[in-house]
There are 2 protein chains.
Amino acid sequence: MIFGLLGDRWTTLILLVLGMGTWRHAELRRVLGRLGAEEKISQRVLTLKLRTLEREGLVMRRVVDSVPPKVSYALTPLGADLRQEAERLIGWVNSRAVAIRAAREAFDRSED
Amino acid sequence: MIFGLLGDRWTTLILLVLGMGTWRHAELRRVLGRLGAEEKISQRVLTLKLRTLEREGLVMRRVVDSVPPKVSYALTPLGADLRQEAERLIGWVNSRAVAIRAAREAFDRSED
DNA sequence: CAGAATCCTGTATGATACTG
DNA sequence: CAGTATCATACAGGATTCTG
């Protein structure tokens, strides 16, 4: 994978959503469940992904130690920057979607 | 992952190497083994990756049906285009390598 | 040489239950 | 609410063997 960061099922999507603002864990989880045509992300995996992103300096974690605790997540400047790159790549794919689909169908037709 | 193509261990590297020219299966396999600081790619996985790339219209496969057979691989124009995008992303990471490493070390220090 | 078939293993992801 | 712990599973990747 390019650099072991965007190469998993959820990270890119998380980056995109966090690009829209600041979210608490549960909110973020709900939104991810809708935006992605995929299934819902498990609580455990969301925590893992956020930890990794925080570790890489892409996400900021803010804790308000009340009861119950409030934890919010947002992109760091570095994270916002990477999000732009991700969007660029998504744009690339979208603009080539037709060609790619055509290639796929041609391939599938010819192999039988 | 961004779009399920660059999100694996070998595809990006294959794209980069194929950007350097046309290769036969065994050659390509040898070069991948050196360029990547990683281990050697297995014959099976290389075949799988090349098939996928061919299906997406990114790689062209040319067979000369002699004995033994000669099969060569090269990028299509679409593949060459994607390779550029991949290089851009790699450039992004390289130019931020220091910041990322610093963030990682700060995180590891603070968690104990 | 290129690749198909088999078998095996590690890692990512997921479901569930529990806690500060 | 956010997170941890545990257990279970799916899939990518790898080793080996065989063949046109």
Side-chain angles (χ1 to χ4, degrees), chain A residues 1-15 17-18 22-33 36-56 59-74 107 110-112, chain B residues 1-15 17-18 22-33 36-56 59-74 107 110-112:
Chain A
M1 61 193 83
I2 290 188
F3 51 128
L5 245 189
L6 302 183
D8 64 80
R9 184 170 175 184
W10 294 105
T11 300
T12 302
L13 191 57
I14 293 174
L15 227 55
V17 172
L18 284 181
T22 297
W23 307 80
R24 296 182 59 186
H25 182 103
E27 288 175 332
L28 182 54
R29 197 168 161 230
R30 240 166 302 150
V31 177
L32 287 170
E38 339 203 18
E39 322 222 314
K40 277 185 66 178
I41 186 173
S42 69
Q43 189 187 50
R44 174 174 163 276
V45 173
L46 178 54
T47 299
L48 290 176
K49 294 307 172 191
L50 288 170
R51 281 289 173 288
T52 301
L53 288 169
E54 188 193 357
R55 180 166 184 267
E56 307 290 329
V59 159
M60 224 177 329
R61 178 169 177 268
R62 246 193 44 211
V63 182
V64 177
D65 211 4
S66 51
V67 180
K70 294 189 207 300
V71 183
S72 60
Y73 296 90
F107 182 91
S110 67
E111 55 162 1
D112 293 307
Chain B
M1 61 191 82
I2 290 188
F3 50 127
L5 245 190
L6 303 182
D8 65 80
R9 184 171 175 183
W10 295 105
T11 300
T12 302
L13 191 57
I14 293 175
L15 227 55
V17 173
L18 285 182
T22 297
W23 306 79
R24 298 183 57 186
H25 182 102
E27 289 175 331
L28 183 54
R29 197 168 162 231
R30 240 168 302 152
V31 177
L32 286 169
E38 338 203 20
E39 322 224 313
K40 279 184 66 176
I41 187 173
S42 69
Q43 191 188 52
R44 174 174 164 277
V45 172
L46 179 54
T47 299
L48 290 176
K49 295 306 172 190
L50 288 170
R51 280 289 174 290
T52 302
L53 288 168
E54 189 192 357
R55 180 167 184 267
E56 306 291 328
V59 160
M60 223 175 334
R61 179 167 177 271
R62 247 193 44 212
V63 182
V64 176
D65 212 4
S66 51
V67 180
K70 294 189 208 298
V71 183
S72 59
Y73 296 90
F107 182 91
S110 67
E111 54 162 3
D112 292 307

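A quick note: this is a predicted structure, and the numbers were derived from the prediction, not measured. So that the names make sense, note that chain A is the first sequence line, chain B the second, and so on, each numbered from 1.
The interatomic distance linking B:Leu48 (CG) with D:dG14 (P) rounds to 11 Å, in whole Å. Rounded to a whole Å, the CD atom of B:Glu39 is 13 Å from the P atom of D:dG13. Nucleotide C:dG14 holds its P atom 10 Å from the CG atom of A:Asp8, rounded to whole Å. With rounding to whole Å, A:Glu54 atom CD is found 13 Å from D:dG3 atom C1'. The distance between atom OH of A:Tyr73 and atom P of D:dG3, rounded to the nearest whole Å, is 3 Å. Whole-Å rounding puts the B:Leu13 CG to D:dA12 C1' distance at 17 Å. Rounding to whole angstrom units, CG of residue B:Asp65 and C1' of D:dT19 are separated by 14 Å. One can place CZ of B:Arg9 at 15 Å from C1' of C:dA12, the figure rounded to the nearest angstrom.
Residue B:Pro68 is the one, among A:Gln43 and B:Pro68, whose nearest nucleotide of DNA chain C lies closer to the 5' end (criterion: closest heavy atom). Looking at which nucleotide of DNA chain D each of A:Arg61 and A:Arg44 is closest to, the 5′-most match is held by A:Arg61.
The side chain of B:Arg24 sits closest to C:dA2 out of C:dA2, D:dG14, D:dA2.
Side-chain nitrogen and oxygen atoms of A:Trp23 include none within less than 4.0 Å of the OP1 or OP2 phosphate oxygen of D:dA2. Between B:Lys49 and D:dG13 there is a side-chain polar atom (N or O) within less than 4.0 angstrom of OP1 or OP2. Regarding contacts with the backbone of C:dG3, a side-chain N or O of B:Arg51 is found under 4.0 angstrom from either OP1 or OP2.
A:Arg29 places a side-chain N or O within donor-acceptor distance of the main-chain N or O of A:Ile41, the cut-off being under 3.5 Å. A donor-acceptor contact shorter than 3.5 Å is absent between the side chain of B:Glu56 and the backbone of B:Leu53. Formation of a donor-acceptor pair under 3.5 Å by the A:Trp10 side chain with backbone atoms of A:Leu32 is not found in this model.
A salt bridge links A:Lys49 to A:Asp8: one of the charged nitrogens lies within less than 4.0 Å of a carboxylate oxygen.
For B:Arg62, the CZ atom is loosely surrounded, since the number of other residues' heavy atoms within 6.0 Å does not exceed 12.
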